[in-house]
Number of protein chains: 2
Amino acid sequence: MYDGGVKTNYQYRGVDAREMLVASAQKLFAEQGVEATSPRQVLEDSGVGKGSLYHHFPTKRDLAHAAIDRMSVASLDNARSVLMSSGTPFERLSAYLTKPRDAVAGCRVGRLTSDATVMASDELQQPVHDYFTHLIDLVAEVFVEAGATPKRARERAITAVAVIQGGYVLSRALDDPDLMSRAVTGFLDLIEDR
Amino acid sequence: MYDGGVKTNYQYRGVDAREMLVASAQKLFAEQGVEATSPRQVLEDSGVGKGSLYHHFPTKRDLAHAAIDRMSVASLDNARSVLMSSGTPFERLSAYLTKPRDAVAGCRVGRLTSDATVMASDELQQPVHDYFTHLIDLVAEVFVEAGATPKRARERAITAVAVIQGGYVLSRALDDPDLMSRAVTGFLDLIEDR
DNA sequence: GTCTATAGAAAGATAGAC
DNA sequence: GTCTATCTTTCTATAGAC
């Protein structure tokens with residue numbers, strides 16, 4: 001019997017609900033963390049029904065994994081595009097460090113390191129681990145291009161990424177985006193002509 | 001009638017229970033955050049009864065406030081004692097940046113900036129705000145002593161504190177205390193003879 | 001001040017119809 | 001794939017005896 005049309009229809013609807021769920025989860029996780037976000041909130045924000053949520057993501061961990069993975073990949077892609085653009089190594093580094101950030105909102109990925117739900121699961125920690133590993137690698141590469149030894153380049157890359165993450169923490173703590181700007185300026189000032 | 005002995009006894013017991021509760025809360029908040037810590041866990045860890053908890057701290061927020069206040073004050077006192085010790089400005093700065101830290105555990109105060117319970121309450125945010133404000137002031141003072149202009153001293157102080165906070169994030173993300181060490185070494189290397 | 005018993009609400013998930 | 005109804009456990013507290 002002919003039922004191709006119906007099948008296709010079902011599949012389209014499925015993909016949409018899945019996407020809506022992941023998008024809402026990403027948003028809510030960025031705002032309040034994974035631990036503090038309930039399946040019910042994701043349901044309400046996405047407009048999707050309870051049955052759909054548990055069909056696509058049997059547990060909260062499954063939904064969290066999908067959302068965290070997306071956020072990490074997107075953040076890394078964004079960093080890569082800035083760090084690998086044209087310009088001198090210092091220009092690219094400077095462009096990455098000063099790129100627009102919602103500092104008071106905090107880092108979507110970095111904040112997960114103090115989220116109980118994430119830290120309780122190796123699976124959820126993995127994307128966070130990978131994000132920072134690759135980000136440091138990318139930044140270190142630019143320092144090497146700038147003439148640093150591999151060891152020193154790596155050290156400075158770690159410091160640079162720490163400045164950003166710390167900038168987020170300070171901007172959030174003092175509710176002021178200026179802390180991020182000044183942390184970055186202070187760092188840039190130190191690496192200039194070195 | 002004579003009942004002084006009994007009264008005293010009651011008071012001692014009261015103070016002890018209060019102390020036990022705050023101590024347990026501090027420990028659990030440091031391990032898993034405020035949001036993820038339930039009154040029940042604090043009860044079990046402290047060995048205190050449910051009645052006592054709600055007698056001393058009517059709401060979870062009251063307990064959190066007491067514990068966070070303690071942590072912030074203790075952390076600031078610790079920083080002050082290192083930054084105001086004897087030695088050259090660079091020696092003191094270096095001593096502060098390299099002092100032993102449980103980097104993989106994260107910063108007890110800094111992690112609160114991504115805790116939903118804390119960020120939802122001005123009262124709970126206050127100690128965190130004060131901690132970082134005063135810490136930056138202390139570090140800036142040392143940079144001034146080292147010969148920097150007030151403005152530049154402040155900028156470098158913000159960068160220095162960001163390096164520590166970011167070092168915590170990275171050490172936690174990669175589950176490796178070495179990230180903190182290298183972030184600090186990278187920074188120290190840059191401010192040396194400047 | 002401390003204890004035990006109780007309670008309303010929400011979290012996290014399952015059951016089974018459609 | 002999606003929906004509604006249901007369920008268990010935990011959270012955050014309150015009540016009232018001692």
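Per chain, numbering begins at 1; letters A, B, ... match sequence-line order. Only a predicted model underlies this, so the values are computations on that prediction, with no experimental measurement involved. Values reported hereafter were calculated over all heavy atoms of this structure, with side chains retained and with hydrogens, waters and symmetry mates removed.
Under the 3.5 Å distance criterion, with hydrogens and angles disregarded, no donor-acceptor pair is assigned to the side chains of A:Asp122 and A:Gln126. In this model, no donor atom of one side chain and acceptor atom of the other lie less than 3.5 Å apart for A:Ser81 and A:Asn78.
When each of A:Ala36 and A:Gly51 is assigned the nucleotide of DNA chain C with its nearest heavy atom, A:Ala36 is the one assigned upstream, toward the 5' end.
Separating the CZ atom of B:Phe57 from the P atom of C:dT2 is a distance of 11 Å, rounded to the nearest angstrom. Between the P atom of C:dA13 and the OH atom of A:Tyr54 lies a distance of 5 Å, rounded to the nearest Å. Regarding A:Lys60, its NZ atom lies at a distance of 15 Å from the P atom of D:dT10, rounded to whole Å. Atom P of nucleotide D:dT4 and atom CG of A:Leu43 are separated by 10 Å, given to the nearest angstrom. Nucleotide D:dT14 holds its P atom 16 Å from the NE2 atom of B:His56, rounded to whole Å. As rounded to whole Å, 10 Å separates atom P of C:dA13 from atom CG of A:Leu63. One interatomic measurement links the two molecules: CE of A:Met20 to P of D:dT2, which rounds to 11 Å at whole-angstrom precision. Between the NE2 atom of A:His55 and the P atom of C:dT14 there is a distance of 14 Å, rounded to whole Å.
Closest approach to the B:Ser38 side chain among D:dC11, C:dG1, D:dT2 is made by D:dC11 (side chain taken as heavy atoms from C-beta onward). The side chain of A:Lys50 has C:dT14 as its nearest neighbour among C:dT2, C:dT14, C:dT4. When distances run from any side-chain atom of A:Ala17 to the nucleotides D:dT2, D:dT12, C:dA13, the shortest one goes to D:dT2. Here C:dC3 is the nucleotide among D:dA13, D:dC3, C:dC3 with the atom lying nearest to any side-chain atom of B:Ser52.
Using a 4.5 Å heavy-atom threshold, the side chains of B:Ile191 and B:Leu93 count as touching. Here the side chains of A:Tyr96 and A:Leu135 are in contact, with some heavy-atom distance below 4.5 Å.
B:Arg92 forms no cation-pi arrangement with B:Phe143, by the criterion of a distance under 6.0 Å to the ring centre and an angle within 45° of the ring axis.
Looking at DNA chain D, the stems built from 3 or more consecutive Watson-Crick or G-U wobble pairs, each pair with its key distances under 3.5 Å, are C:1-18 with D:1-18.
Salt bridge annotation for B:Arg70-B:Glu19: present, with a cationic side-chain nitrogen under 4.0 angstrom from a carboxylate oxygen.
For the OP1/OP2 pair of D:dT10 and a distance below 4.0 Å, the side-chain nitrogens and oxygens of B:Arg40 include no atom meeting the criterion.
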Would you list the atom pairs, donor with acceptor, under 3.5 Å between side chains in residues 154-164 of chain A and any protein atom, with sequence neighbours excluded?
unit_1, atom_1, unit_2, atom_2, d
A:Arg154, NH1, A:Asp137, OD1, 3.1
A:Arg156, NH2, B:Asp189, OD2, 3.2
A:Thr159, OG1, A:Glu155, O, 3.1
A:Thr159, OG1, B:Ala183, O, 2.9

